[in-house]
Amino acid sequence: MAMQPGDCPRYPFDWPSPIDQPKELAGLHDRPALRVELPSGDTAWLVTRHRDVRALLTDPRISKNRNRPDIARMTPPSGTPVKHFQNQVDMDPPGHTRMRRLIGKAFTAIRVEGLRPRVRTIVEDLLDGMDRGGTSAELSAAFAHPLSLRVICELLGVPPAERGQLAGMTAPPWEYMRELIDRKRREPGDDLVSEMLRVTDADGARLSETELHWWATVLLLAGYETTAHQMLSAVVLLLCHPEQLAALRADPGLVPNAVEELLRHQVVGTSLSMLRYVTEDLDVGGVTVPKGASVIPSLECANHDPAAFAEPSTLDVTRPATHQLTFSYGRHFCVGAPLARVELQLGLEGLLRRFPGLRLAEPVDRLRRRQDPFTQGFVEVPVAW
Ligand code: HEM
């Protein structure tokens with residue numbers, strides 16, 4: 001049954017399977033903003049429409065400073081270290097704007113394009129390994145995680161011998177990153193960390209020690225897990241939609257477009273970590289979200305808004321979906337989006353080309369799902385070919 005006005009559903013919604021949408025999405029866009037209960041038990045306003053989510057993410061009355069005592073807690077106090085993360089640097093303008101400008105100077109489109117041949121080599125190397133291993137594999141361990149780890153390590157300049165210790169990390173590798181930064185300061189290379197040490201803004205100012213440490217660590221974490229889970233989500237979605245898979249195999253030139261649609265339709269993300277704070281009363285589609293409230297611009301709800309995407313519950317790799325919001329929008333738009341796109345495009349293209357008979361080795365409803373309110377991805381994806 002669709003939700004009724006006044007309901008306060010739990011958030012994140014449960015994605016029952018890659019082919020079934022959360023039941024809460026039915027009729028949700030009739031309500032531009034509604035109150036939801038978070039895993040902590042606190043409540044926040046969920047913003048559901050594509051247009052409103054974009055407006056919110058560029059609105060100066062919205063803050064991402066999570067140090068306020070009255071902001072909603074995302075998870076119970078013993079939960080993940082995400083809150084601790086936010087405490088390291090200023091997440092609002094002008095401090096955040098200054099840091100993003102410096103990061104942007106270092107993490108350029110040219111740098112991402114320069115990595116493309118390396119990404120291709122890493123993809124082929126992992127596919128060779130799968131091929132040598134027989135006719136089945138577990139895709140998370142054999143492909144998705146090693147791919148994103150190797151690529152982010154290439155980007156940051158983590159030497160190959162040290163990458164193993166970062167695989168499967170359960171906590172942010174603060175100490176390791178501090179040591180890496182010290183080393184890059186002594187022996188600079190052509191990697192991103194060395195470049196982040198070099199860049200200066202118009203006044204000659206640099207990233208502070210704390211800022212550099214925080215951003216380098218976040219780049220590693222954000223670049224690793226998120227991309228791996230999106231890759232798994234994309235493959236599972238395609239394998240569950242044979243006609244879409246066939247269209248892509250028939251025309252590999254569709255892959256970049258398909259990646260946007262697979263990101264839009266993904267079953268991995270929740271927008272819990274998008275939590276913001278409202279500094280003045282806001283009108284969201286006729287609903288007043290009051291000053292002092294916590295608010296979640298929901299990327300997955302926006303991506304399923306029928307006003308932005310016709311028949312949003314249909315996966316269609318030919319639809320124009322570049323306005324999908326899985327990388328967010330506005331001030332905090334994902335720094336790594338261009339790199340993630342390269343990985344997803346080359347990874348999917350390679351997988352489909354090398355394994356024409358690729359299929360799930362287990363029924364889709366038996367795939368183990370992560371019990372994580374920040375990333376509802378797959379723990380394992382066994383495949384065969
Ligand atoms: C498909 C993979 C990825 C997805 C879906 C994704 C998604 C996101 C989202 C939704 C945000 C914005 C959060 C907000 O508005 O509060 C974000 C920010 C960020 N992402 Fe990504 N990301 C991905 C890959 C990457 C990669 C590969 C890197 C690094 C190379 C990266 C680094 C970052 C960083 C540093 C931020 C913080 C930006 C800021 O606050 O200004 N991400 N990402």
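On a predicted model such as this, the values are computed, not experimentally measured, just so you know. Numbering of ligands and ligand atoms starts at 1, following listing order.
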*Please report the number of protein N, O or S atoms that lie less than 2.8 Å from atom 21 (Fe) of ligand 1.*
1

_Give the atom numbers and elements of ligand 1 that come within less than 4.0 Å of a heavy atom of M91._
40 (O)

*Heteroatom proximity flag, T326 to ligand 1, N/O under 3.5 Å*: no

_Per-atom contacts, ligand 1 versus I152 - under 4.0 Å to a heavy atom_ = 29 (C), 30 (C)

*Numbered atoms and elements of ligand 1 in range of H96, under 4.0 angstrom, heavy atoms*: 39 (C), 40 (O), 41 (O)

*What atoms of ligand 1 come closer than 4.0 angstrom to any heavy atom of T227?*
2 (C), 24 (C), 27 (C)

*Using a strict cut-off of 4.0 Å, indicate which atoms of ligand 1 neighbour a heavy atom of L299.*
10 (C)

_Between E24 and R10, does any NZ, NE, NH1 or NH2 come within less than 4.0 Å of an OD or OE carboxylate oxygen?_
no

*Look at atom 39 (C) of ligand 1 and find which of E225, R276, R100, R341 reaches it with the closest heavy atom.*
R100

_Partner residues of H29 under the ring pair (Phe, Tyr, Trp, His ring centres under 6.0 Å) criterion, sequence neighbours left out_ = none

*Using a 4.0 Å heavy-atom cut-off, say whether M99 meets ligand 1 through its side chain, its backbone, both or neither.*
neither

*Is it the case that one hydrophobic cluster holds both M169 and L219, taking links as side-chain heavy atoms less than 4.5 Å apart, direct or via other members?*
yes

*Results of salt bridge (charged side-chain N to carboxylate O under 4.0 Å, His left out) for E162 - residues two or more places apart only*: R183

*Is it the side chain (CB and beyond), the backbone, both or neither of Q230 that lies under 4.0 Å from ligand 1, heavy atoms counted?*
side chain

*Near L219, which atoms of ligand 1 are under 4.0 Å from a heavy atom of that residue?*
29 (C), 35 (C)

*Using heavy-atom distances, let me know which of K64, H332, Q266 sits nearest atom 16 (O) of ligand 1.*
K64

_If the cut-off is 4.0 Å to any non-hydrogen atom of M274, which atoms of ligand 1 fall inside it?_
13 (C), 14 (C), 15 (O), 16 (O)

*So between W215, Y224, W214, Y329, whose heavy atom ends up nearest atom 35 (C) of ligand 1?*
W215

_With R118 via side-chain hydrogen bond (donor to acceptor under 3.5 Å, both in side chains) - residues at least two apart_ = E154

*Could you list which atoms of ligand 1 come closer than 4.0 Å to a heavy atom of F107?*
30 (C)

*Answer yes if L180 and I152 sit in the same cluster of Ile, Leu, Val, Met, Phe, Trp and Tyr residues linked by side chain heavy atoms under 4.5 Å apart, and no otherwise.*
yes

